[in-house]
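Notes follow the structure.
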Amino acid sequence: MNVQRVGVVGGGRMGAGIAEVCARAGLGTVLCEVDATAAHAARDRVARSLERAVGRGRLERTAAEDALSRLVVTGSPDDLADRHLVIEAVTENAAVKSEVFTALDKIVEDPEALLATTTSSLPVMRLGMATRRADRVVGLHFFNPVPVLPLVEVVPSLHTAPATVVAVEHFVTNALGKAVVRSRDRAGFVVNALLVPYLLSAVRMAESGFATAADVDAGMELGCAHPMGPLRLADLIGLDTVVAIAESLYEEFKEPLYAPPPLLLRMVEAGHLGRRTGRGFHTYDQG
Ligand SMILES: NC(=O)c1ccc[n+]([C@@H]2O[C@H](COP(=O)([O-])OP(=O)(O)OC[C@H]3O[C@@H](n4cnc5c(N)ncnc54)[C@H](O)[C@@H]3O)[C@@H](O)[C@H]2O)c1
């Protein structure tokens, strides 16, 4: 399958970023949201991101304009019918995602077309089984912000055909110019399975009074040259997202190191979700 026409379902943080990199790569891209209003908001998200790239000197203005002209936004899933590859990037909810896959299976006309999910925590196999073409369904786990971070984890399920993996890896490396690592269909894949226990250890350190949040972060930034300490990174990811990934890791492996610590659970319940809400382990200017 030579992927020329791409569809993206869901135009939030990840979907807008994925649509942007596809359009920047010269591919005709259809971005589908829940309705026309949400679709226009997603287009604005892409336009602002392109504008930032131009402002930072990372992209020519004409290239940004060309990319935006290749992007079609819609509130109608039927507009995905002629796509070669559709990447699902909707809310991390098993029922919502399964419904999307069942619908895509009916809508996308080419039986050879590829369907991908950006899920961070759900089994790719289960989403494949919501379709009648589980052999064409694969995980493509991008990283936020998508236009900046070069990695995509490719996650075949037990049902995914080898040809599907070859086709999506070719797409990610050749069309998008990103790097691939391949992971088994296990909670967390490679990166989150390593990253999340590290973040949880930092939370436990702050929780037990072992060190302050500022010192935990300074330790890793200055002592290990990490660009961001673990608690600042948890705030950036969103503490609710960290809990969701930790819970899926814990459910899968039953290892205590994956269990979300009480402080983290309380902060999420209190609505202190990190940078997004202005308060997490650190405070942020909402402006
Ligand atoms: N945020 C991250 O850092 C990150 C990183 C890697 C993967 N992911 C995964 O990417 C996916 C999306 O995450 P996000 O952070 O972009 O979420 P988000 O909440 O920012 O965006 C989700 C979007 O999906 C839309 N949506 C919901 N149901 C829909 C439907 N039926 N049809 C069309 N659109 C629909 C919503 O309107 C919303 O705009 C999740 O599976 C998440 O686990 C997120």
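Remember, it's 1-based here, ligands and their atoms both numbered in the order they're listed.
Ion pairing between a basic and an acidic side chain is recognised when a charged N comes within 4.0 Å of a carboxylate O; Arg56 and Glu51 show no such pairing. Ion pair Glu169/Arg182 flagged as a salt bridge, since at least one NZ, NE, NH1 or NH2 atom sits closer than 4.0 Å to an Asp/Glu carboxylate oxygen. Note on Arg275 versus Asp235: no salt bridge recorded, every NZ/NE/NH1/NH2 to OD/OE distance being 4.0 Å or above. Between Arg83 and Asp110 there is no salt bridge, since none of the side-chain N atoms of the basic residue sits less than 4.0 Å from a carboxylate O of the acidic one.
Here the heavy atom of the protein found nearest to atom 3 (O) of ligand 1 is Asn144 CB, 3.3 Å. At the top of the distance list for atom 37 (O) of ligand 1, counting protein heavy atoms only, stands Glu33 OE1, 2.8 Å. For atom 24 (O) of ligand 1, the nearest non-hydrogen atom of the protein is Val90 CA, 3.5 Å. Remark: minimum distance from atom 7 (C) of ligand 1 to any protein heavy atom is reached at Ser120 OG, 3.2 Å.
Counted within 6.0 Å of CZ on Arg204, heavy atoms from surrounding residues, nucleotides or ligands total more than 12; the atom is thus considered enclosed. Taking a 6.0 Å sphere around CD of Glu251, one finds it holds 12 or fewer heavy atoms contributed by other residues, nucleotides or ligands. Under a cut-off of 6.0 angstrom, the local environment of OH in Tyr198 is crowded, with over 12 non-hydrogen atoms contributed by other residues, nucleotides or ligands. Within 6.0 Å of the CZ atom in Arg279, the count of heavy atoms belonging to other residues, nucleotides or ligands does not exceed 12. Few gaps surround NE2 on His226; more than 12 heavy atoms of other groups in view lie less than 6.0 Å from it.
Only the side chain of His141 comes within 4.0 Å of ligand 1, judged by heavy-atom distances. The proximity of Cys32 to ligand 1, defined as any non-hydrogen pair under 4.0 Å, is limited to the backbone. At a heavy-atom distance under 4.0 Å, atoms from both the backbone and the side chain of Val34 approach ligand 1. Contacts between Ala38 and ligand 1 below 4.0 angstrom, taking non-hydrogen atoms only, are absent altogether. Contact annotation for Phe142 and ligand 1: only backbone heavy atoms (N, CA, C, O) come within less than 4.0 Å of the ligand.
The option with the heavy atom closest to atom 11 (C) of ligand 1, from among Ile237, Thr118, Asp35, Val9, is Thr118. In this comparison of Val96, Leu31, Thr91, Ile87, the heavy atom closest to atom 27 (C) of ligand 1 sits on Thr91.
Numbered from 1 in the order shown, with element, the atoms of ligand 1 that lie under 4.0 Å from a heavy atom of Gly12 read 16 (O), 20 (O), 21 (O), 23 (C), 39 (O). Per-residue contacts place Lys97 under 4.0 angstrom from the following atoms of ligand 1 (heavy atoms of the residue considered): 40 (C), 41 (O). Annotation for ligand 1: atoms under 4.0 Å from non-hydrogen atoms of Thr119 are 41 (O). Applying the 4.0 Å criterion to heavy atoms of Val100 picks out, from ligand 1, the atoms 31 (N).
Distances between N or O atoms of Glu92 and those of ligand 1 include at least one value under 3.5 Å. At least one N or O atom of Met14 sits closer than 3.5 Å to an N or O atom of ligand 1. When only interatomic distances are considered, the shortest N/O to N/O separation between Arg13 and ligand 1 falls below 3.5 Å.
Between Glu92 and Lys97 there is a side-chain heavy-atom pair separated by less than 4.5 Å. In this structure the side chain of Glu247 reaches within 4.5 angstrom of the side chain of Leu265, judged on heavy atoms.
Of the options Leu31, Thr29, Val30, a side chain to side chain contact (heavy atoms under 4.5 Å, CB included) to Val73 is made by Leu31 and by none of the others.
Ligand 1 lies nowhere less than 4.0 angstrom from a heavy atom belonging to Glu99.
Not a single protein heavy atom sits closer than 4.0 Å to atom 17 (O) of ligand 1.
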